[in-house]
**Q** 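One structure follows; several queries about it will come next.
For reference, positions follow the sequence shown, starting with 1. The basis for the numbers below is simple: all heavy atoms, side chains too, and nothing from hydrogens, waters or symmetry mates.
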Amino acid sequence: MFLADCHTHSKCSPDSNAPMLQMAQKAYEYGLNTLCLTDHCDLLSLEGERVLDYDWTPVRQERKGMLDAFGARLDLPLGIEFGMAHLYPEAADKILREPGLDFVIGSCHNMDEKDGGRDFFMLSYDTLADCYQALDNYFASMLKMAAGPHYDVVGHVIYPLRYMNGPYDTPSLDRYRDQIREILRLAIQSGRGIEINTWKGQTLAQWIPLLKDYKELGGEIITVGSDAHAPEPLGRGIKEAYSIMADCGFRYVAVYHERKPDMIRLR
C-alpha cells in the first residue's frame with residue numbers, strides 16, 4: 001500500500017528537535033513511501049511579531065544528510081508550511097524562490113495583526129465565546145490566504161479546534177460553512193488542493209463534512225499529513241484518512257513534486 005506523509009516537521013521548525021535523518025529513518029522503518037518535511041515559515045511569530053525573511057540554510061544542511069542516507073530508499077520532496085503569506089506578498093514571493101522547492105502548505109496560524117497577531121496555540125479558550133471570536137478571525141484570514149498564490153494546498157482548515165478543549169461543547173463549524181466552502185472553491189478554481197491533517201491520528205472523523213463539500217464542489221487534489229514533530233508519530237492516521245477519502249468518493253491521494261501534484265491511486 002502506498003503511504004505518503006506530507007505534513008511533518010524537523011528541528012528546522014522552532015517547535016521540533018528532531019533531525020531530518022531521524023525522521024527519514026523512522027519513515028523507512030514504518031514503510032512510508034514518501035516523507036515530506038514541511039518545516040515552519042510564518043510571517044508572524046508566536047507572539048505576533050513580523051518575520052519577513054527565511055533562512056533556508058539549515059534546511060539545506062539537514063536535507064543533505066537525509067538525502068545521502070535515504071534518498072535512494074524514500075521519496076523526499078522539499079516542502080514548507082507557509083503561514084500568513086497573504087499579509088506580505090512580496091516577502092512571500094522572495095521566500096518561495098528557493099530552488100528545488102516541491103510543496104507549499106498554506107496555513108493560517110495567527111490572529112490578524114489588528115487583533116494582536118498571536119498564534120492560536122497561545123490564546124486562552126476559557127469560554128465558547130472565546131472560541132468563536134478566534135474562529136471568526138481564523139476563517140476571515142484563511143479566505144484571504146486561499147485567494148492568493150502562495151500555496152499548493154490549504155493547510156489544516158480545522159486547525160484552531162485542536163486547542164479548544166474547555167468546559168463546553170466543541171465549537172460548531174456550521175456557522176462557517178459558507179466561508180469554508182468559499183475557501184475550498186478558491187483552491188479548486190486556482191488548480192490547488194487541500195490537506196487532511198490527521199494531527200498524529202487524532203483528527204479524522206472531523207474531516208468528513210469538509211470532504212463531502214470539497215467533493216460536491218469538484219475538488220480532487222488532497223494530500224494527507226500527520227503533522228508529526230517527532231519520529232514516533234509519523235504516519236499516524238494516514239491509512240484511516242485514505243479510507244475516509246475513499247468513502248467520500250475520492251480515488252487518488254496527491255504527492256507534490258516541483259509544485260505539481262502527482263495523483264496516486266488509493267486502492
Side-chain angles (χ1 to χ4, degrees), residues 6-18 36-59 78-98 101 103-126 129-165 171 173 176 179-180 182-183 186-187 190 192 194-195 197 199 203 225 227-229:
C6 291
H7 187 145
T8 65
H9 297 278
S10 77
K11 64 188 292 185
C12 295
S13 289
D15 52 358
S16 172
N17 296 312
C36 189
L37 275 296
T38 53
D39 285 307
H40 285 292
C41 173
D42 291 282
L43 299 189
L44 295 179
S45 72
L46 285 173
E47 293 291 352
E49 298 171 345
R50 296 178 185 179
V51 184
L52 302 185
D53 56 9
Y54 184 72
D55 184 4
W56 283 97
T57 303
V59 175
L78 172 58
I80 189 171
E81 183 179 8
F82 204 2
M84 310 302 284
H86 61 284
L87 294 180
Y88 302 103
E90 291 183 4
D93 287 338
K94 182 178 179 181
I95 291 167
L96 295 184
R97 292 192 192 115
E98 174 68 9
L101 183 59
F103 182 48
V104 180
I105 299 172
S107 296
C108 291
H109 292 124
N110 300 68
M111 295 282 279
D112 192 90
E113 281 188 295
K114 65 180 174 56
D115 294 306
R118 301 181 77 203
D119 193 297
F120 292 100
F121 170 73
M122 304 289 289
L123 303 182
S124 297
Y125 302 103
D126 298 325
D130 293 335
C131 297
Y132 284 121
Q133 182 178 4
L135 289 168
D136 288 349
N137 195 292
Y138 176 70
F139 286 113
S141 285
M142 183 155 281
L143 271 169
K144 295 173 184 175
M145 186 276 293
H150 301 108
Y151 70 98
D152 297 319
V153 301
V154 177
H156 48 40
V157 176
I158 61 175
Y159 169 67
L161 291 182
R162 64 177 67 172
Y163 305 124
M164 297 176 178
N165 302 304
L173 296 185
Y176 303 104
Q179 286 175 291
I180 293 172
E182 180 62 9
I183 291 163
L186 286 167
S190 61
R192 297 177 173 89
I194 65 169
E195 74 156 355
N197 185 304
W199 192 33
T203 56
D227 214 342
H229 286 62

**Q** Going by atom types alone, do His150 and Asp93 pair a side-chain donor with an acceptor below 3.5 Å?
**A**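 A pair is found: one side chain offers a donor N or O, the other an acceptor, under 3.5 Å apart.
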**Q** Side-chain contact test, heavy atoms from C-beta onward, threshold under 4.5 Å: evaluate it for Glu195 versus Glu81 and give yes or no.
**A**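 A side-chain contact under 4.5 Å is absent here.
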**Q** Taking the side chain as every heavy atom from C-beta outward, state whether Leu173 and Leu161 have any atom pair closer than 4.5 Å.
**A**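 Yes; the side chains approach each other to less than 4.5 Å.
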**Q** Flag the pair Asp130 / Leu123 as yes when at least one side-chain heavy-atom distance between them is below 4.5 Å, and no otherwise.
**A**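 They are not in contact (no side-chain heavy atoms under 4.5 Å apart), so the answer is no.
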**Q** To the nearest 0.5 Å, what is the distance between CD (Glu49) and CZ (Arg118)?
**A**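 It is 11.0 Å, given to the nearest 0.5 Å.
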**Q** Main chain of Glu47, side chain of Ser45: is a donor-acceptor contact present, judged purely on distance under 3.5 Å?
**A**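 Side chain of Ser45 to backbone of Glu47: a pair is present.
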**Q** Grab the two heavy atoms, one from Ala187 and one from Val154, that are nearest each other, plus how far apart they are.
**A**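 What the structure gives for the nearest pair is CB-CG2, 4.1 Å.
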**Q** Rounded at 0.5 Å granularity, tell me how far CD1 in Ile80 sits from CG in Asp152.
**A**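 Nearest 0.5 Å value for the CD1-CG distance: 11.0 Å.
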**Q** Heavy atoms, side chains only, cut-off 4.5 Å: are Ile95 and Cys41 in contact?
**A**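 The answer is yes, as the side chains (C-beta and beyond) meet within the 4.5 Å cut-off.
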**Q** With a 3.5 Å distance limit and no angle check, can you tell me whether Ser124 reaches the backbone of Asp126 through a side-chain donor-acceptor pair?
**A**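 Side chain of Ser124 to backbone of Asp126: no pair is present.
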**Q** Leu43 vs Asn110, test: side-chain contact (heavy atoms from CB on, under 4.5 Å). Steps then yes/no.
**A** CA-CA 9 Å; Leu43 299 189; Asn110 300 68; over 6 Å; no
**Q** Below 4.5 Å, heavy atoms only, C-beta onward: do His40 and Ser16 meet side chain to side chain?
**A**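 They are not in contact (no side-chain heavy atoms under 4.5 Å apart), so the answer is no.
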**Q** Would you say Pro160 and Met164 make side-chain contact, with heavy atoms under 4.5 Å?
**A**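 In short, these two side chains touch, coming nearer than 4.5 Å.
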**Q** Taking all non-hydrogen atoms of both residues into account, name the closest pair between Asp39 and Ser13 and its distance.
**A**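 Asp39 and Ser13 have their closest heavy atoms at OD1-OG, 2.7 Å.
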**Q** Within the side chain of Tyr125, is there an N or O that forms a donor-acceptor pair under 3.5 Å with the backbone of Phe120?
**A**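 It does hold such a pair.
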**Q** Would one find more than 12 heavy atoms of other residues, nucleotides or ligands at under 6.0 Å from atom CG of Asp55?
**A**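 Count over threshold, so yes.
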**Q** Is any side-chain heavy atom of Asp112 closer than 4.5 Å to a side-chain heavy atom of Lys144?
**A**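 They are in side-chain contact.
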**Q** Answer yes or no: does atom CD of Glu113 have more than 12 heavy-atom neighbours from other residues, nucleotides or ligands under 6.0 Å?
**A**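 Enclosed: over 12 neighbouring heavy atoms sit under 6.0 Å from CD of Glu113.
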**Q** Of all the heavy-atom pairs spanning Cys36 and Cys6, show the shortest one and how long it is.
**A**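 Smallest heavy-atom distance, with atoms named: CB-CA, 3.9 Å.
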**Q** Look at the side chain of Tyr132 and the backbone N and O of Pro171, then say whether any donor-acceptor pair between them is shorter than 3.5 Å.
**A**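 The answer is no, because no donor-acceptor pair under 3.5 Å joins these two groups.
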**Q** Aromatic ring centroids of Tyr151 and Phe82 under 6.0 Å?
**A**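 No; Phe82 has its ring centre 6.0 Å or more from that of Tyr151.
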**Q** Between CE of Met84 and SG of Cys108, what distance do you get to the nearest 0.5 Å?
**A**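 Answer rounded to 0.5 Å: 5.0 Å.
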**Q** Can you tell me how far apart CD1 (Ile183) and CD1 (Ile194) are? Round to the nearest 0.5 Å.
**A**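 Reported value, rounded in 0.5 Å steps: 10.5 Å.
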**Q** For Met111 and Leu44: C-alpha separation, side-chain torsions, deciding distance, then whether side-chain contact (heavy atoms from CB on, under 4.5 Å) applies.
**A** CA-CA 9 Å; Met111 295 282 279; Leu44 295 179; over 6 Å; no
**Q** After noting the C-alpha distance and the side-chain angles of Leu143 and Leu186, does the key distance pass the side-chain contact (heavy atoms from CB on, under 4.5 Å) rule?
**A** CA-CA 8 Å; Leu143 271 169; Leu186 286 167; 4.2 Å; yes
**Q** Would you say Thr8's side chain and Asp227's backbone share a donor-acceptor pair under 3.5 angstrom?
**A**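 Such a contact is absent between Thr8 side chain and Asp227 backbone.
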**Q** Quick one: CG on Asn17 to OG on Ser10, what's the gap to the nearest 0.5 Å?
**A**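 Asn17 CG to Ser10 OG: 10.0 Å, rounded to 0.5 Å.
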**Q** Between His9 and Thr38, is there a donor-acceptor pair closer than 3.5 Å when you use the side chain of the first and the backbone of the second?
**A**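 Yes; judged by distance alone, with no hydrogens or angles, the pair exists.
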**Q** Measure the spacing between NZ of Lys11 and CG of Leu37 and express it to the nearest 0.5 Å.
**A**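 These two atoms lie 12.5 Å from each other.
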**Q** Parallel, tilted or perpendicular: which describes the rings of Tyr159 and Tyr138, with under 30° parallel and over 60° perpendicular?
**A**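 Because their plane-to-plane angle lies in the 30° to 60° range, the rings of Tyr159 and Tyr138 count as tilted.
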**Q** Indicate yes or no: at least one non-hydrogen side-chain atom of Arg162 is less than 4.5 angstrom from one of Asn197.
**A**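 When only atoms from C-beta onward are counted, Asn197 and Arg162 do touch, with a gap below 4.5 Å.
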**Q** What's the verdict on side-chain contact (heavy atoms from CB on, under 4.5 Å) for His156 and His109, showing C-alpha distance, side-chain angles and the deciding distance?
**A** CA-CA 10 Å; His156 48 40; His109 292 124; 3.3 Å; yes
